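Remember, predicted model here, so these are calculated numbers, not experimental data. Whatever order the structure lists them in is the order used to number ligands and atoms, beginning at 1. Excluded from the calculations below are hydrogen atoms, water molecules and symmetry mates; all remaining heavy atoms, backbone and side chain alike, are included.
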Amino acid sequence: MMLSPRLSHGAHQALRCQQRAFSSTLLRPAEAQAAEVKTLGVVGAGQMGLGISLVAARTAGVPVTLVDSNQASLDKGLKFADTLLAKDVSKSRISQDDADKARSFLRPTTRMEDLDRVDMVIEAVPEILSLKTSIFSQLAQICPAHTVLATNTSSLSITTLAASTTKDPKDMSASSRVLSTHFMNPVPIQKGVEIISALQTSPGTLATALEFCRRMGKVPSTSADTPGFLANRILMPYINEAIICLESGIGDRDSIDAIMKNGTNVPMGPLQLADFIGLDTCLSIMKVLHEGLGDSKYRPAVRLRSMVEAGWLGKKSGRGFYEY
Ligand code: NAD
């Protein structure tokens with residue numbers, strides 16, 4: 001990681017200390033022994049939680065205890081799982097027997113207490129810090145002492161979530177089992193998953209998570225617990241810069257998207273991609289980068305802020321840089 005010339009000397013020193021801590025965390029995993037995940041728990045049956053559960057059941061072949069506080073979300077998620085499995089069968093991607101087996105592995109419940117036997121849990125509830133810390137402190141109480149406790153957060157500090165498992169920071173019996181498995185949307189399609197260690201994460205926890213993601217057919221990358229991690233640290237400034245180019249009149253919408261699409265072989269240009277992600281999501285991640293890293297180069301584009309103020313959030317609201 002390059003140090004920015006815009007940071008003060010003190011900030012440089014703090015960053016160097018963090019980097020030393022992070023690199024020791026990141027260099028440990030290869031030597032550690034992975035434990036086998038035989039049963040998975042997922043908390044939150046929304047867009048991400050359902051996708052993670054389905055891929056774990058279908059590709060890794062493990063039973064999944066799927067917890068959601070809202071029965072309607074569970075019903076909707078399982079209906080969607082049925083649709084996706086039927087599509088897999090109709091396209092001959094899997095047999096009817098395998099689809100039935102995967103479906104039987106999905107075990108919905110509204111009770112967190114049903115996670116008392118799982119080897120790994122992946123939390124995928126909404127991006128609200130107080131909600132996630134409350135879930136992690138419950139998981140530390142409910143799950144067995146070996147369970148890996150993972151989060152799918154897009155931007156929150158993994159170290160803070162790990163710390164919420166205990167009142168005594170010296171007691172790392174639960175916090176050392178916390179890390180992030182940041183799956184990409186839509187989970188059944190995107191191969192990449194970002195594995196982020198907290199300061200407290202043990203090498204064994206990291207090794208187990210890496211191994212399980214590979215069993216799910218994913219290609220994991222590791223990154224340190226810093227704002228935006230890797231994927232959003234790289235992707236969001238790219239999108240933000242495209243919006244700044246638009247507002248500065250350097251190019252119009254179609255020129256910006258066309259040059260990136262045709263010039264870098266990506267499936268869509270940055271403005272269309274922003275519409276698909278949601279402009280409110282893009283803005284909130286840019287704010288996390290700007291506040292967390294304190295560098296003006298992450299300032300959200302004025303046009304991005306004003307489009308969110310107008311309620312033009314992209315595809316989901318029917319209007320963004322394009323109309324839907
Ligand atoms: P979502 O709103 O679709 O689903 C969240 C689910 O959590 C809902 O079904 C809700 O009923 C449930 N829930 C709420 N409170 C709960 C509780 N106390 N206990 C159990 N269940 C509870 O959200 P999502 O888009 O699936 O996002 C989940 C997480 O994944 C967030 O942290 C988000 O930042 C992250 N993420 C999202 C995307 C994306 O593109 N959607 C991509 C990567 C990461």
Asks: Heavy-atom distance under 4.5 Å between the side chains of Val118 and Thr147, does that happen here?
Replies: yes
Asks: Is there a donor-acceptor contact under 3.5 Å linking the side chains of Asp114 and Thr65?
Replies: no
Asks: Would you say Ser223 and Glu194 are linked by a side-chain donor-acceptor pair, where the criterion is simply a distance under 3.5 Å?
Replies: yes
Asks: With the threshold set at 4.0 Å, does a side-chain nitrogen-carboxylate oxygen contact exist between Arg58 and Asp98?
Replies: no
Asks: With a 4.5 Å heavy-atom cut-off, do Phe183 and Val55 have their side chains touching?
Replies: no
Asks: Quick one: ligand 1 N/O to protein N/O pairs below 3.5 Å?
Replies:
unit_1, atom_1, unit_2, atom_2, d
ligand 1, 3 (O), Gln47, N, 3.1
ligand 1, 9 (O), Asp68, OD2, 2.7
ligand 1, 9 (O), Ser73, OG, 3.2
ligand 1, 11 (O), Asp68, OD1, 2.7
ligand 1, 11 (O), Asp68, OD2, 3.4
ligand 1, 11 (O), Ser73, OG, 3.3
ligand 1, 21 (N), Ser69, N, 3.4
ligand 1, 26 (O), Gln47, N, 3.4
ligand 1, 26 (O), Met48, N, 2.8
ligand 1, 30 (O), Asn152, ND2, 3.0
ligand 1, 32 (O), Val125, O, 3.3
ligand 1, 32 (O), Glu127, OE1, 2.6
ligand 1, 32 (O), Lys132, NZ, 2.7
ligand 1, 34 (O), Glu127, OE1, 2.9
ligand 1, 34 (O), Ser154, OG, 2.7
ligand 1, 36 (N), Ser154, OG, 3.3
ligand 1, 40 (O), Asn185, ND2, 3.1
ligand 1, 41 (N), Gln47, OE1, 3.4

Asks: I want to check something: taking the side chain as every heavy atom from C-beta on, are Asp119 and Glu36 in contact at a cut-off of under 4.5 Å?
Replies: no
